[in-house]
Amino acid sequence: MTARITDVCFSFPGADRPVLDGVSLTFEPGSTTAVLGPSGAGKSTLLRLMAGLLPLDRGSVVLPPVAGAGVPVAMVFQDPRLLPWLTVRGNFDFALEAAGVAPTHREARWRPLLDAVGLADVADVRPGALSGGMAQRVGVVRALSLRPGVLLLDEPFGAVDPLLRDQLQAMLSALLAGGDTTAVLVTHDVREAAVLADQVAILGGTPSAVVAQLSVDLPRPRDGLGPSVSAVARDIRSALAGAMPSAS
Amino acid sequence: MTDRRGQALVVALTLGVVVGAWEGLARALDVPALPAPSAVVSMAVWLAGEGTLFSDVGASLARVFTGFAAAAVLGLVLGAVGALGGPWTAGLRALVATIRPVPPIAWIPLSILWFGLGDPSAWFIVFVGAFSPIFVQTCWSLQRCDPRWLELAQSVGAGPWLTFRRVRLPAAAPGVVAGLRTGLGLAWTSVIAAELVGAQSGLGYRIQMHRVVVETDGVIVGMVCIGLCGLAMDAAARRLERRLVDWTP
């Protein structure tokens, strides 16, 4: 079964017009979709609607049922959002307890992922002792340890420096490769979209809807500086330019 | 380093000058109303040797801890109830807001009528002093949890009880602990006030007795003790605070 959203509409309470009006997208199983658009286009709002953090005004969000001990959806926020009073292990435990994973099965969920992102020895430190990039990796591991059918990422690497961003993109790409997790990534970075996405959706207009959709058929792993990624990034940028409000 | 040493020097000089001037003035005037620092020190030594100093400190501390313990339990529980929000708890919050501006000493006349002279009356005054800050901080800290943490809890599907245990409670802890520390400070000032009029032991009672017989050096010994005990209690509370909420920056 495929995850899809149909005719999604949403207005914030008290606002005089909706943020999103009639957004429909289909997410192939195991694919990554990048969502781009001007600031205020409701990209983060769309993710929150998909995560069930905000109520839909109209339309529907259909998430495929997940096998066994997974969750339908998990979210990586723009900030790492690790609870500062818990250790890294405590943060994983909290999420896994909420997901109903038995205490004895929890470490097996996050340990291989934490090793894979090169943070094997931070399990027992508090988030305050981590750098921004490390904390964001822990945030990604927390979401993936829940084994989500759909992983939502809200500009996860927006706040890290460019060199680190390349590394984190490669890490995310490797974590998602071959898995059956469907990812939806909100980003401002056309190159990030070209490196990570199979499908690009561009939101625009007032209220927002999908104004352009591109598919990215490049082999993986992709070289973020290679000519094919650059060509795709240019295509995305021109599509995005069409969605920008005219500067009159 | 030089800065800190310079500051220490200034502090020592200031204290030296004030105590020296006090000593000089006291000797020049030679009236009972102004005992010399040297007389205060010898009185302190005598009171300590006699043992009353320690029994008075012990009596005051015992009253503080009894009243404070009751205020902590009730302040934490009712503060948590108040944090639930809703019309019924709005009444509770309004009640505390009404009583709060009345200082603990204003309760002393009623307290003596209700509980007589002695420990229960002092416990009550301590309770009144410590309760408000504990209640208010608990209620306020639990209510104003950072929405980002609540959103995270919601995103992983945490239920209300797990969210309370792992998110709301620890997020509120720094504010709650600060309320307990403020409450302890007010408990100490309240017990002295209560003992001035309604007790037969304790530091407050002792300075009042010294006043009656115009032993002003004894009054000042008591005042210094009150200050030092308050300082020590706050330092201990601060240490405990740092250990309880050691994750705060």
Side-chain angles (χ1 to χ4, degrees), chain A residues 44-45 47-55 63 66 69-101 106 109-110 125-130 135 138-139 142-148 150-154, chain B residues 72 75-76 79-80 83-87 134 137-182 237-249:
Chain A
S44 296
T45 305
L47 288 196
R48 282 174 169 75
L49 289 164
M50 292 183 70
L53 298 173
L54 290 172
L63 302 171
V66 281
V71 297
V73 62
M75 182 121 169
V76 176
F77 295 90
Q78 196 167 357
D79 57 306
R81 211 149 310 184
L82 303 175
L83 299 170
W85 46 86
L86 298 175
T87 59
V88 167
R89 177 194 300 273
N91 272 277
F92 296 146
D93 277 345
F94 169 65
L96 290 164
E97 184 178 352
V101 178
R106 288 179 197 155
R109 289 288 202 98
W110 53 263
V125 306
R126 293 257 174 82
L130 302 176
V138 171
R142 175 175 59 192
L144 283 173
S145 73
L146 297 171
R147 300 200 182 141
V150 176
L151 177 68
L152 306 170
L153 302 116
D154 187 7
Chain B
L76 291 172
L84 294 172
I134 297 170
Q137 281 284 351
T138 303
C139 187
W140 187 75
S141 306
L142 282 171
Q143 275 186 325
R144 56 166 291 276
C145 183
D146 189 332
R148 294 181 318 129
W149 305 135
L150 298 176
E151 191 185 46
L152 168 76
Q154 199 189 344
S155 83
V156 297
W161 173 235
L162 183 64
T163 304
F164 179 77
R165 264 192 311 132
R166 287 277 182 263
V167 181
R168 282 187 182 275
L169 202 59
V176 172
V177 174
L180 287 169
R181 193 161 63 80
T182 309
R238 265 178 204 279
R239 284 185 69 140
L240 199 65
E241 183 176 18
R242 274 201 299 272
R243 287 187 58 165
L244 281 173
V245 291
D246 59 347
W247 49 269
T248 49

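Below, chains carry the letters A, B, ... as their sequence lines are ordered, and counting in each starts from 1.
- Within 6.0 Å of atom CH2 in B:Trp247, more than 12 heavy atoms from other residues, nucleotides or ligands are found, so the atom counts as buried in its surroundings.
- Within 6.0 Å of the CZ atom in B:Arg165, the count of heavy atoms belonging to other residues, nucleotides or ligands exceeds 12.
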### Query
Under the side chain to side chain contact (heavy atoms under 4.5 Å, CB included) criterion, do B:Glu151 and A:Arg81 qualify, and how do the steps go?
CA-CA 10 Å; B:Glu151 191 185 46; A:Arg81 211 149 310 184; 2.5 Å; yes
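- Heavy-atom distances place both the backbone and the side chain of A:Leu53 under 4.5 Å from chain B.
- For B:Val245, no part lies under 4.5 angstrom from a heavy atom of chain A.
- Considering only heavy atoms from C-beta on, A:Phe77 stays 4.5 Å or farther from B:Arg148 through its side chain.
- Both the backbone and the side chain of B:Ala153 come within contact range of chain A, with heavy atoms under 4.5 Å apart.
- Proximity to chain B involves both the backbone and the side chain of A:Ala95, based on heavy atoms less than 4.5 angstrom apart.
- Ranked by heavy-atom pairs under 4.5 Å with chain A, the list B:Gly159, B:Ala173, B:Ala158 is led by B:Ala158.
- Atoms CG and OG, from A:Leu47 and B:Ser155 in turn, are 11.5 Å apart once rounded to the nearest 0.5 Å.
- Using a distance-only test at 3.5 Å, with no hydrogens or angles considered, no donor-acceptor pair links the side chain of A:Trp85 to the main chain of B:Thr248.
- Residue contact with chain A, scored on non-hydrogen atoms closer than 4.5 Å, is absent for B:Asp146.
- Proximity to chain B is limited to the side chain of A:Arg126, based on heavy atoms less than 4.5 angstrom apart.
- Ranked by heavy-atom pairs under 4.5 Å with chain B, the list A:Leu96, A:Leu82, A:Leu86 is led by A:Leu82.
- No other option in A:Asp79, A:Val73, A:Val71 has as many heavy-atom pairs under 4.5 Å with chain B as A:Asp79.
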